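First comes the structure, then the notes that go with it.
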Amino acid sequence: MAKDLFNRYIWLVDTIYRTGRITFEEINERWVRTEMSGGKEIPLRTFHNHRQAIEDVFDINIECNKKGGYYYYIENREDMERGGVRNWLLNTFAVNNLINESHKLKNRILFENIPSGQKFLTSIIEAMRDNQVLQITYQSFERSEPSVFNIEPYCVKVFRQRWYVVARAPYYDAIRIYALDRMLALSLAGEEFEYPDTFDSQVYFNSSYGIIVDEEYDVERVRLRVYGNQCKYIRALPLHHTQQEVETTEEYADFEYLLRPTYDFCQEVLSHGSSMEVLKPDWLRQDVQETVEGMMHLYGNEGQK
């Protein structure tokens, strides 16, 4: 019963959000076409109870514009459009509901698998909620044997099909980032920690491309030249929130970023092959050039066995 109610809330929020504004009658027209409805409309009293529950559970207000036809809409819609966990959760559950409603399409809708989130993610989020210290057994790629230590989980982030937890490591008295797929075991340490008011996960990753936050790299203005149709992909899905298109021609477009050009950013540049070129800073262009020369060595005559 609770699951059915939750699915109803998700469906209602998603329906109103996607339409922008909608009448109660139009909501019912859409509702009766779902399997959840059983062919029955939503009573007006039930609808208002759902509105209140949605505000309590998701902190999303469904307001009514009484001028010109009693249209319902999402208050502060722009907050949801900025993204964040609330929007991600709603999108995830809305798609899940749609798939469950369309049994015949289940084998025609494919998703990327993220194995690292299946075992420990729920426990970490619960520990974040309750400010509980965690004891983890961690197998680093740099060590031959696993280590057991405590962490204070601050936030989680997904990047390239892997979940990571950003946590304070008391042993180092520093913030570290740990991949969930390298955790062998996890349990509560039996003590609480104080989450610092000064920590902001958005600010923490603000100057990073992916998951690496390395202050040994200065925040620099990086300029990339992108060739051909690849420009359209970069415009549609920016590499970083600071992306600006500073020059456009028929053959290429130049994009600038303000970030720390760490290892994962270099890997992203290299993944685009000859369709992307580093213009500045000079040291980054040189690093990428040396990597490309090393690849040429591997695939040239010298690298053949």
Side-chain angles (χ1 to χ4, degrees), residues 2-3 6 57 83-93 95-96 110-217 239-240 259-268 270-271 291:
K3 180 181 178 182
F6 193 77
V57 173
V85 67
R86 180 169 55 178
N87 199 17
W88 180 79
L89 282 171
L90 286 171
N91 286 338
T92 300
F93 283 112
V95 170
N96 183 64
L110 308 178
F111 294 93
E112 287 189 338
N113 185 30
I114 308 181
S116 60
Q118 296 174 2
K119 193 172 183 182
F120 299 123
L121 182 60
T122 300
S123 298
I124 291 174
I125 291 177
E126 289 175 347
M128 288 165 50
R129 178 194 64 197
D130 301 330
N131 289 340
Q132 292 287 324
V133 178
L134 291 171
Q135 181 182 85
I136 65 172
T137 303
Y138 195 76
Q139 179 62 70
S140 170
F141 289 155
E142 287 76 29
R143 296 178 179 269
S144 58
E145 297 293 331
S147 302
V148 180
F149 52 91
N150 290 351
I151 61 170
E152 300 171 359
Y154 284 3
C155 72
V156 291
K157 180 177 182 178
V158 65
F159 180 68
R160 295 198 183 284
Q161 293 183 273
R162 282 188 171 94
W163 278 102
Y164 298 84
V165 57
V166 179
R168 177 181 174 270
Y171 179 82
Y172 297 103
D173 190 22
I175 295 177
R176 297 293 175 90
I177 301 173
Y178 302 98
L180 270 62
D181 59 358
R182 295 172 219 166
M183 292 183 183
L184 305 181
L186 179 148
S187 62
L188 293 176
E191 56 182 292
E192 295 184 358
F193 70 92
E194 185 175 347
Y195 179 76
D197 295 334
T198 55
F199 181 81
D200 186 316
S201 57
Q202 298 290 339
V203 173
Y204 184 73
F205 285 104
N206 187 60
S207 300
S208 299
Y209 163 71
I211 200 65
I212 298 177
V213 179
D214 190 343
E215 294 186 354
E216 290 186 4
Y217 288 83
L239 299 183
H240 192 256
L259 46 68
R260 301 182 195 275
T262 52
Y263 172 80
D264 45 5
F265 180 74
C266 292
Q267 292 299 299
E268 174 65 26
L270 288 164
S271 72
T291 301

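These numbers come from the heavy atoms of this one structure, side chains and all, not from hydrogens, waters or symmetry mates. The structure presented is a predicted model; accordingly, all values stated were derived computationally and were not measured.
To the nearest 0.5 angstrom, Asp264 atom CG is 10.0 Å from Asp214 atom CG. For the atom pair CG (Asn150) and CG (Leu134), the distance works out to 8.5 Å, reported to the nearest 0.5 Å. Atoms CD and CG, on Gln139 and Leu184 in that order, are 6.0 Å from each other to the nearest 0.5 Å. Rounded to the nearest 0.5 angstrom, Gln132 CD and Ser123 OG are separated by 12.0 Å.
Counting heavy atoms from C-beta outward, Ile124 and Met183 have side chains that approach closer than 4.5 Å. Counting heavy atoms from C-beta on, the side chains of Phe120 and Val165 never come closer than 4.5 Å. For the pair Ser201/Val166, no side-chain contact is recorded, criterion being any heavy-atom separation below 4.5 Å from C-beta on. Counting heavy atoms from C-beta on, the side chains of Tyr204 and Ile175 come closer than 4.5 Å. Looking only at side-chain heavy atoms (C-beta outward), Tyr164 and Val156 stay at 4.5 Å or farther from each other. Under the 4.5 Å side-chain criterion, counting only non-hydrogen atoms from C-beta, Glu216 is not in contact with Arg260. When side chains are defined from C-beta on, Ile211 counts as touching Phe205, because their heavy atoms get closer than 4.5 Å.
Salt bridge status for Arg182 with Glu142: absent, with no side-chain N to carboxylate O gap under 4.0 Å.
The two residues Ile151 and Val133 have their closest heavy-atom pair at O-CG1, 3.5 Å. Looking at every heavy atom in both residues, Val213 comes nearest to Ser208 through CG2-OG, 3.5 Å.
At least one donor-acceptor pair under 3.5 Å links the side chain of His240 to the backbone N or O of Asn206. Side-chain N or O atoms of Arg168 include none that pairs as donor or acceptor with a backbone N or O of Glu152 at under 3.5 Å.
Taking the six-membered ring where the residue is Trp, the centroids of Phe199 and Tyr154 are separated by under 6.0 Å.
In this structure, Phe265 and Tyr209 have perpendicular ring planes: the angle between them is above 60°, well past the 30° mark.
With sequence neighbours excluded, the residues forming a side chain to side chain contact (heavy atoms under 4.5 Å, CB included) with Asn131 are Phe193, Tyr195, listed by chain and number.
Among Tyr171, Tyr178, Tyr172, the one residue that satisfies the ring pair (Phe, Tyr, Trp, His ring centres under 6.0 Å) test with Phe149 is Tyr178.
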